[in-house]
Structures are given as structure tokens and as C-alpha cells.
Amino acid sequence: MTGIRRAFVLASLGRYMMMVVNLAATLIMARLLAPADYGVAVLGGSALALAEAIRALGGGAYLVQRKDLTPEQIRTNFTISLIATAVLVAAVLTLVRPLTEFFGRPELKPYLQVAVLGFVAGPITYQISALMSRSLDFGRIALVTTACAVINAGTGIFLALQGWGYMSLAWGTAVSALAAMVFYLHFWRDWSIFRPRLTEWRDVIRFGVHDSAFGMLSQIAEAAPYLIVGRVLDASSVGLLQRALLLALFPERVILAGVGAVALPAFSRLVREGNRPKAAYLNVLGLITAAQWPALVTLILLAEPVVYVLLGSQWQGAVPLLRIFAGTLLFSFPMALHYPTLVAIGRIRIVPITLLAPTAAMIGILAFAAPLGSEAVALSAFAIVPFSGLLSLAVVRHFLKFSWLELVAALGRSAVITMACALCPLAAVMATGWHEKMSIPLAMVVGVLAIAGWIGGMWVVHHPLLQEIAQLWTKLRSRIVTLVR
């Protein structure tokens, strides 16, 4: 478990450094580009994300979860990924014109033609990063992700200052993806894994078909709101929705920074060693909600100053959308562990099936809500996210055999901590008025008091998250003392 904890810390550190860079870039880019520019980038990125999901036929998850991995399986996985990439790049370039005509956005053509350049790096990047993840080598992965975030941000900001608009985002994406390939090749000198082979294609395809189906459904669920809104409304609406959702997801991405990277290797190792992951699953849910719920509630109450500070006055239309999205994400906590848990216990075949109903329902609801405006689209998430979260819990519970009472016990203390954290922000909002603008100094004070309430709540209920934080701080302090000496 020590190795897994260390991997989690390293993965989290890498993700945190990447998020710091991205946050700094957001502060700058949001003031250089208009919502419509982001709308074009979101539509183009959504199209590429769907292609990325199809490429999961030769994705990294196969390499991570395989119990006994052979060189032939690695090479076959790479070859299938390479073939899928070549086909998908050709398909994207062929479909550029129909996509621009469908959305009525001629800007999509140059965006996709540039952004797809980074797509070609995938077969090499994902192979090496998956093998590093399998061995829990998250230190070097952190270096690569941080360096690429800096390259992405630097390229985008430089070109935006030159007046390149939405194309600055396309070039940032392409250049950073190609840089990642170069970095991974530098760290992984055994290039024999890239020898073309198809000897194990049946085994790779058997896993990849289900993994790709899950990826496709996940990307459809993620991209559908933007694609539907982009078709019915305008690029500015897409940009506002995307920025609001990105801010609402920020607490989840901060809290789950290491979980997303480590969960599959960690759960897979537990299964390979003959352990049942039930206790680990419930424990991680308790840790996630103890941090995620308080952050989301605070974000709901302080949405207006958060948008003003991070995005600027031209993005004030995102404030009500942010509050709605943050509220819906209170129900999303089981989703981060859904895929890694089921894959680790060998249930990859049912993973895409569990997404069929939520995805179909979401598309139908969004098609109805989009003509009513952006807020209606955001509100529709209250009919989608809770259903998806409950379905995920029910499916995982079926295999891990935990009771609903055990789940309540794992989450009960998180609810108490959330209430303790929300006291000061709620009092401030009631004092200033829900629709009144809260000053930035007051918002900063309220934020500090919310953190104090969060820590106090964990201390009162003796939550294990506080112990994890204390252990991490002790180790960091000892490392700092060692370096100073």
C-alpha cells in the first residue's frame, strides 16, 4: 500500500502542477479571447475527442490491467493503435467540410486541420505512459505532463497576443501533444515495443472493443451538450457553458487529480494479489466526498467572485451556469471509480452497457432543453447526473457486495464536514444578498473561513482524510528539512 500511496502523491503532484499552469493560462487567455473563440475550440475538440475514443482499440488500459504482459502483446497493441490513428486522421480530414457546414462555423476547418496534428502522436505517447503507469512510475509522468502544460499555455498565450484568436488554442494543443511524444521517447529508451506485430490481435481487440465502446459513450456524453448547443444556439453560448462546467469541475479535478491516474493500476494490483477491492472502494469514496462536497457547496455560494477573478467581467453570464453545474456534481462522486473498478475486476464487457441508458437519456433531454437556452441546458443536468451516479453505485455494488448501510457509513461524516465548511459562505451570502456582488476581499476572507470550517469538521468527526493530510505534510516537511541540511 505504501507504493500505491507514493504513486498517488506523485500523480497528484503532477496533476496539481499542470492545473496551476492551466489556471494561470486561463486567467490570461480568458482576457485575450472572446467566448465565441472558446466555442469554436470546444466544438473542434469534441469532434477529436470522439475520434480519440475510437482509438481505444489499442489504448493504454489494456496494458495496465493485463495480468501477464508479454512483448508481443505490447507490440500488437501499438500496431492496432497506429492503424486506428491513420484511419481516424484520414476520416477527420475528410469530414472537415461536412462538419463546418453542419454547424455553420467555417472556423472549424482550420482549427481541425491544425489540432489533428497532435492526434498522430497518440500511438507512441499512450503506449509509453501506460507502461509507466503499470509500474507506478508517476514521477516521470508528472514531469512530462507539467512540461507539456507549460508548452501548451506558452504557445497559446503567445499566439493569442499576436491576434490568432481561436487558432492559438489549436496550435497550443498540437504543439504540446507532439512535445509529449518527444519527452516520452526520451524517457523510454526501449523502442523495440514499436515493432509492428499483430500476433495477439484477438486478445487486444477483445478488450479494446469494449474499452472503445465505453470511451465513445463517455465522449458522446461529454461532447453532446456542446455539439447540440452549437447546432441550436451559437458559439458564445458554447463558450459560456464550457467555461462554467470547467470551473464546476475544478474541485473534482483538484481532489481526484491522482485518483484518475492511480485508480486502475492500484485496483488492478489489488486483484492480481488476490485482495477484494470493496474496502478500498468505500474508503476512497469517503475521502473523495469529504473534499469534493465542501468545495462544490462553497463554489455555489461564491460563484460570482470566482468567475470575476478567474475569467473577467465579459464572462459574467457563466455565473448562474456555474452554480447549477456545481449543484449537479454533488451527485457525481461514484463516477470517478466506476471504470477503474469494473476493469480491475475483469468486467470490462459491461462497462459500455452501463453508459447506454444515461447517454441516450441525456441526448433526448438536451435536444429538448437546448432551444430554451443555456440555463435550461445546465438545469437538465439535474435529471442526468444523479441518475448516472446512482446507476454507477448500483452496478459496482452488485460486484463488490457492499450494503447501502456501509455506503451511508462511508459518506455520513462527509455530509457533516460539508455543513461545517458551508456555514461561513452561507452567512456571507445571506448578509450581502444572493444577487448582490460580493467584494473580492470579503470573498477571500469567506474562503479562508470555509477552509477553517472544513478542517474543523474533519477534526470533529475524526475523518481519515485529515490523517492522510497530516501524513503527507509530515513527509513533505521531513523532505524539506533534509534538503535544507
Side-chain angles (χ1 to χ4, degrees), residues 7 10-11 14-15 18 48-49 51-89 116-148 151 173-212 214-216 219 260-266 268-269 272 339-340 343-344 348:
L10 289 173
R15 298 290 179 92
M18 183 177 66
L48 288 177
E52 192 72 68
I54 298 174
R55 187 165 59 185
L57 281 171
Y62 170 81
L63 301 178
V64 174
Q65 60 82 44
R66 197 78 174 85
K67 185 174 182 179
D68 300 308
L69 191 62
T70 67
E72 292 302 302
Q73 289 169 335
I74 297 173
R75 292 164 184 165
T76 299
N77 195 67
F78 165 74
T79 305
I80 291 174
S81 179
L82 187 65
I83 294 171
T85 298
V87 172
L88 290 169
V89 168
V116 80
L117 292 175
F119 193 79
V120 302
I124 294 176
T125 298
Y126 295 147
Q127 292 291 113
I128 298 176
S129 64
L131 292 172
M132 286 183 174
S133 296
R134 180 182 174 87
S135 60
L136 302 182
D137 186 9
F138 289 99
R140 290 191 292 183
I141 292 176
L143 289 176
V144 174
T145 55
T146 303
C148 291
I151 291 171
T173 299
V175 172
S176 62
L178 294 172
M181 179 182 67
V182 174
F183 289 141
Y184 277 119
L185 285 173
H186 170 74
F187 282 123
W188 193 275
R189 296 305 178 90
D190 181 14
W191 294 3
S192 65
I193 64 174
F194 304 124
R195 293 174 186 168
R197 290 288 189 279
L198 287 172
T199 54
E200 300 290 333
W201 68 269
R202 288 184 179 85
D203 190 49
V204 174
I205 292 293
R206 190 180 300 115
F207 179 91
V209 165
H210 302 290
D211 195 38
S212 181
F214 168 78
M216 275 291 294
Q219 291 299 338
V262 178
L264 179 55
S268 296
R269 174 174 288 189
R272 287 198 298 266
Y339 174 83
V343 171
I348 181 64

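Note: hydrogens, waters and symmetry copies are ignored here, and every other heavy atom, side chains too, is used.
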Please round to the nearest 0.5 Å and tell me the distance separating atom CD1 of I141 and atom CE of M132.
-> 6.5 Å
Note: A179 and C148 closest approach over all heavy atoms is C-SG, 4.2 Å
What's the spacing between R197 CZ and T76 OG1 if we round to 0.5 Å?
-> 8.5 Å
Would you mind listing every side chain to side chain donor-acceptor pair (under 3.5 Å) that reaches into residues 173-187, with sequence neighbours excluded?
-> H186-R189
Minimum heavy-atom distance between S81 and P123, given as atom pair plus value | OG-CA, 3.5 Å
Step-by-step side-chain contact (heavy atoms from CB on, under 4.5 Å) determination, I74 to F78 = CA-CA 6 Å; I74 297 173; F78 165 74; 5.8 Å; no
Shortest non-hydrogen contact between L48 and F119, atoms and distance = O-CE1, 4.1 Å
Check whether any side-chain N or O of R75 sits under 3.5 Å from a backbone N or O of S192 as a donor-acceptor pair, and report yes or no.
-> yes
pair I193-N77: side-chain heavy atoms closer than 4.5 Å = no
Are F183 and T145 close enough, and set up right, to give a side-chain contact (heavy atoms from CB on, under 4.5 Å), and what steps lead you there?
-> CA-CA 10 Å; F183 289 141; T145 55; over 6 Å; no
Roughly how far, to the nearest 0.5 Å, is the CG atom of L82 from the CD1 atom of I124?
-> 8.0 Å
Given side-chain contact (heavy atoms from CB on, under 4.5 Å), test V120 with L178 step by step and report yes or no.
-> CA-CA 8 Å; V120 302; L178 294 172; 4.2 Å; yes
Hey, does Q127 have a side-chain heavy atom less than 4.5 Å from the side chain of W188?
-> no
Residue pair L185, F194: steps toward the side-chain contact (heavy atoms from CB on, under 4.5 Å) verdict | CA-CA 11 Å; L185 285 173; F194 304 124; 3.7 Å; yes
